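Below is one structure; the comments refer to it alone.
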Number of protein chains: 2
Amino acid sequence: MAGTRQLDYAGLLAEHGLRPTRQRVSVLVALASRDDATAQQIHALLADDGVRVGLATVYRTLAWLAEHGIVDTLMHHRGEVCYRLCGEGHHHHLVCSGCHRVVELGDCELDPWLADLTAEHGFTLEAHTVEVTGLCSACQAVGTAA
Amino acid sequence: MAGTRQLDYAGLLAEHGLRPTRQRVSVLVALASRDDATAQQIHALLADDGVRVGLATVYRTLAWLAEHGIVDTLMHHRGEVCYRLCGEGHHHHLVCSGCHRVVELGDCELDPWLADLTAEHGFTLEAHTVEVTGLCSACQAVGTAA
DNA sequence: TTTAGTGCAAAAGTTTTGCATGGTC
DNA sequence: GACCATGCAAAACTTTTGCACTAAA
């Protein structure tokens with residue numbers, strides 16, 4: 001299972017003109033094993049698995065991945081950036097505040113509303129970000145039971 | 001004008017059980033004079049005006065203000081936090097990418113849409129953030145003229 | 001062999017904290 | 001006078017950068 005994924009990642013990197021090194025594939029594998037993670041967390045995660053990768057390399061790899069649109073960046077906390085492996089296209093996220101599970105929402109249906117809104121104030125629409133947090137069914141059940 | 005505002009701010013601080021010191025009022029005045037600013041920018045702004053306030057005090061004051069809901073925090077850039085003086089209640093912002101002017105949008109009309117969306121995935125809605133960027137009419141005119 | 005990537009360590013940047021001093025109630 | 005707040009400096013923290021070394025094309 002891990003083998004096939006690593007091949008995918010190698011191909012993904014090669015497609016973008018990046019050499020599929022052991023370190024870069026490791027970062028992608030680590031990122032895929034979590035909903036999201038900071039550079040520090042990925043570095044620690046790899047170290048725990050006995051994979052030795054320099055912290056600077058993790059940062060450089062994540063910067064590359066973000067630049068190529070392979071990962072999204074989020075800034076929830078102060079002074080640290082969270083990275084998330086994402087699908088293609090414009091979409092938003094629904095995050096569970098209990099278990100931090102992330103649901104990718106399909107198409108963005110906000111454009112008409114946003115177009116009206118911006119036009120009302122004489123603006124032309126450029127971009128928007130939406131983050132929705134809630135409690136998933138599993139976490140609701142736990143909360144009710146407890 | 002500045003006098004009346006400072007009185008307002010002093011009252012605002014007192015309401016929340018904070019001593020209305022010169023430094024705290026200065027931070028609020030500086031924040032009000034801009035659409036948004038980082039702690040570093042506020043510190044520099046005050047220094048330029050000859051108001052001597054320690055950087056740590058600016059950070060401490062902004063942390064208090066954020067905790068009491070008097071200012072909103074935004075994290076656009078890496079490693080620095082932006083603070084913005086806001087009105088009451090739940091609302092969103094429309095930011096001009098040209099002049100950084102901020103329009104506060106009134107009521108949030110997203111709740112029905114969000115309720116459907118979260119229910120669809122078995123979530124209960126807790127919170128959401130929306131940031132819209134565009135180009136305001138003035139900046140559109142400049143762009144067209146240039 | 002030529003180029004790109006890595007690791008290490010130092011640097012840069014923002015933010016936090018400890019403690020003595022000063023201001024406010 | 002008691003307590004809160006400030007200022008300064010040092011520390012903590014994440015992230016970036018320089019450079020010699022290693023691995024890949």
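Note that the coordinates shown come from a computational prediction; the quantities given were computed from them, not determined experimentally. Per chain, numbering begins at 1; letters A, B, ... match sequence-line order. The basis for the numbers below is simple: all heavy atoms, side chains too, and nothing from hydrogens, waters or symmetry mates.
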- Can you tell me the distance, in whole Å, between the NE2 atom of A:His43 and the P atom of D:dC13? 16 Å
- Closest-nucleotide 5' rank along DNA chain C - winner of A:Arg52 and B:Gln40: A:Arg52
- Task: Using chain A heavy atoms and a threshold of under 4.0 Å, write down where along DNA chain C the contacts begin and end, 5' to 3'.
- Result: C:dT3 to C:dT16
- At their closest point, which heavy atom of A:Ser26 faces which heavy atom of A:Leu46, and how far apart are they? O-CD2, 3.7 Å
- Query: OP1 or OP2 of D:dC4 sitting under 4.0 Å from any side-chain N/O of B:Arg24?
  - Reply: no
- Message: Rounded at 0.5 Å granularity, tell me how far CG in A:Leu125 sits from CG in A:Leu117.
- Response: 9.0 Å
- Taking for B:Thr21 and for B:Tyr83 the nucleotide of DNA chain C with the nearest heavy atom, the one nearer the 5' end belongs to B:Tyr83
- Write down the distance between CH2 (B:Trp64) and C1' (D:dT6), rounded to a whole number of angstrom. 15 Å
- Task: Could you say whether A:Arg19 or A:Ala39 is positioned toward the 5' end of DNA chain D, judged by the nucleotide with the nearest heavy atom to each?
- Result: A:Ala39
- Message: What is the distance, to the nearest angstrom, from the OH atom on A:Tyr59 to the P atom on D:dC13?
- Response: 13 Å
- Item | Side-chain donor or acceptor of B:Arg84 paired with backbone N/O of B:Thr73 under 3.5 Å | no
- Query: Given atom CG of A:Leu55 and atom P of D:dT15, what is their separation to the nearest angstrom?
  - Reply: 8 Å
- Query: Is there side-chain contact between A:Leu28 and A:Leu65, with at least one heavy-atom pair below 4.5 Å?
  - Reply: yes
- Task: Look at the side chain of B:Gln41 and the backbone N and O of B:Thr38, then say whether any donor-acceptor pair between them is shorter than 3.5 Å.
- Result: yes
- Message: Just to be sure I understand the rule, does B:Arg60 reach a base, reach only the sugar-phosphate, or reach nothing, if contact means heavy atoms closer than 4.0 Å?
- Response: base
- Let me know the distance between CD of A:Gln41 and C1' of D:dC13, rounded to the nearest Å. 14 Å
- Query: Is B:Gln140 reaching over with its side chain to a backbone N or O of A:Gly122, donor-acceptor style, under 3.5 angstrom?
  - Reply: yes
- Item | Geometric class of the B:Trp64/B:His68 ring pair [parallel <30°, tilted 30-60°, perpendicular >60°] | tilted
- Query: Between D:dT6 atom P and B:Leu62 atom CG, what is the distance in whole Å?
  - Reply: 12 Å
- Task: Using whole Å, report how far CD of A:Glu80 lies from C1' of D:dA12.
- Result: 13 Å
